[in-house]
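Hydrogens, waters and symmetry mates are skipped; everything else that's a heavy atom, side chains included, is used. Each chain gets a letter, A, B and so on, in the order the sequences are listed, and its residues count up from 1.
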There are 2 protein chains.
Amino acid sequence: MELAAAKLKFIEAWGKLGSEWGINRTMAQVHALLLISSEALTTEEIMEELSISRGNANMTLRDLIGWGLIEKQHKAGERKEYFFADKDVWNISRQVAKERKKRELEPVLKVLNELSTVVGDEKDPEFKTFKKSVNDINKLAVNVDKTLETMLKAEESWFWGSVLKVFK
Amino acid sequence: MELAAAKLKFIEAWGKLGSEWGINRTMAQVHALLLISSEALTTEEIMEELSISRGNANMTLRDLIGWGLIEKQHKAGERKEYFFADKDVWNISRQVAKERKKRELEPVLKVLNELSTVVGDEKDPEFKTFKKSVNDINKLAVNVDKTLETMLKAEESWFWGSVLKVFK
DNA sequence: ATAAACTTTCAATAATTCTTGAAAGTTTAA
DNA sequence: TTAAACTTTCAAGAATTATTGAAAGTTTAT
């Protein structure tokens with residue numbers, strides 16, 4: 001396979017994966033493009049490469065900065081802003097884990113805690129089932145939260161070394 | 001908090017979480033409803049409870065069966081079908097992991113393998129960057145795949161025991 | 001057979017999410 | 001200043017995804 005075709009295929013695959021995981025397709029594609037670019041790119045170049053509008057490019061780039069996945073670069077003597085992605089896949093994973101934990105897991109933990117204060121008749125099967133499900137989910141969520149917390153602090157080699165060794 | 005209010009809140013939260021993770025909101029809500037029901041419910045009851053149409057309920061229930069999260073139940077002397085959810089949160093996690101691995105991770109691994117056959121000029125920075133990113137992502141994906149594979153076979157207490165012990 | 005009870009399908013519609021592009025805003029150089 | 005270079009905003013429109021509901025399909029009892 002040729003480089004040009006491979007790039008297109010990568011961008012397409014990354015976009016699809018993103019959209020399956022609740023991440024805007026264009027955002028995932030812009031990220032993909034910057035991931036495989038050795039040079040930082042301008043908004044203009046990104047618009048061109050992915051055939052998207054200026055508005056879309058601008059918002060998407062802003063979002064990616066908000067996710068901590070890309071950064072702006074200024075080149076001496078130029079007005080234009082250049083964008084480049086952190087290429088370290090472990091950093092990317094941690095960054096995504098960190099943001100999704102904050103944006104999604106933590107709000108859910110908060111709700112689960114509120115729900116565990118529910119009061120009712122301990123003899124009522126509906127009440128018992130509700131309490132058990134909520135408690136079980138709460139325990140799982142706490143375990144996931146702890147594991148993510150560890151991941152956020154960990155070095156990649158240590159993390160996978162530990163995980164995969166334990167699992168033989 | 002009262003049981004009725006808590007149920008609504010749980011269904012809403014589960015639906016929101018689902019939609020953030022690429023799962024249809026209604027599907028997550030139907031799952032939530034069955035998770036906290038001590039009794040199996042009919043299509044009619046589900047439509048009523050969540051204010052959704054018959055068509056929507058039918059398709060959603062079929063999808064949930066396809067995900068292995070709920071099952072049909074037949075009651076003696078009745079024509080109606082009843083639906084109930086597996087309440088074991090570890091089973092649910094494994095089932096979701098199994099399906100998403102099959103539907104999403106495996107196709108991506110396939111593409112990444114194809115992409116690693118790319119040919120080009122080893123001196124070209126664009127080529128080198130592409131190859132490195134694809135290889136790094138490939139390695140990560142393989143590690144995730146292995147970990148999920150272990151999870152699918154594991155008992156809950158063993159799994160979290162191991163993971164959390166390693167991470168102190 | 002027939003009809004009642006129940007389930008499934010799917011074209012039409014609604015709701016949501018994404019994208020555009022032009023206007024407004026900002027910064028810099030001269 | 002002024003104007004060119006560049007970025008941001010956001011209302012309108014496009015695209016995508018989800019939902020409805022009525023008709024068609026199926027099963028069971030009589």
field: ILVMFWY cluster, A:Leu109 and A:Leu115 together (side-chain gap under 4.5 Å)
entry: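 Yes, A:Leu109 connects to A:Leu115 through the hydrophobic network.
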
query: For B:Asn58 and C:dT7, is the shortest distance between a side-chain N/O and OP1 or OP2 below 4.0 Å?
result: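 Answer no for this pair, as no side-chain N or O of B:Asn58 is under 4.0 Å from OP1 or OP2.
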
task: Please identify each residue that fulfils side chain to side chain donor-acceptor pair (under 3.5 Å) with B:Gln95, with sequence neighbours left out.
output: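 None.
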
Nearest-Å distance for atom pair [atom1]/[atom2], residues [X] and [N]:
| X | N | atom1 | atom2 | result |
| --- | --- | --- | --- | --- |
| B:Glu78 | C:dA4 | CD | C1' | 15 Å |
| A:Lys75 | D:dA5 | NZ | C1' | 17 Å |
| A:Lys80 | D:dA4 | NZ | P | 17 Å |
| A:Glu44 | D:dC6 | CD | C1' | 9 Å |
| B:Leu61 | C:dT7 | CG | C1' | 11 Å |
| B:His74 | D:dT27 | NE2 | C1' | 11 Å |
| A:Glu45 | D:dC6 | CD | C1' | 14 Å |
| B:Met47 | D:dT20 | CE | P | 9 Å |

Do [X]'s NZ or CZ and the ring of [Y] fall within the cation-pi criteria of under 6.0 Å and 45°?
| X | Y | answer |
| --- | --- | --- |
| B:Arg62 | B:Trp67 | no |
| A:Lys72 | A:Phe83 | no |
| B:Arg25 | B:Trp14 | no |

statement: For nucleotides 10-26 of chain C, 5' to 3', base contacts (B), sugar-phosphate-only contacts (S) and non-contacts (-) with protein non-hydrogen atoms under 4.0 Å give B-------SSBB-----

- prompt: Please, which pairs that meet salt bridge (Lys or Arg N to Asp or Glu O under 4.0 Å) have at least one residue in residues 126-155 of chain B, sequence neighbours excluded?
  reply: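 Matches after skipping sequence neighbours: A:Lys7-B:Glu126, B:Lys101-B:Asp145, B:Lys101-B:Glu149, B:Glu122-B:Lys131, B:Lys132-B:Asp136.
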
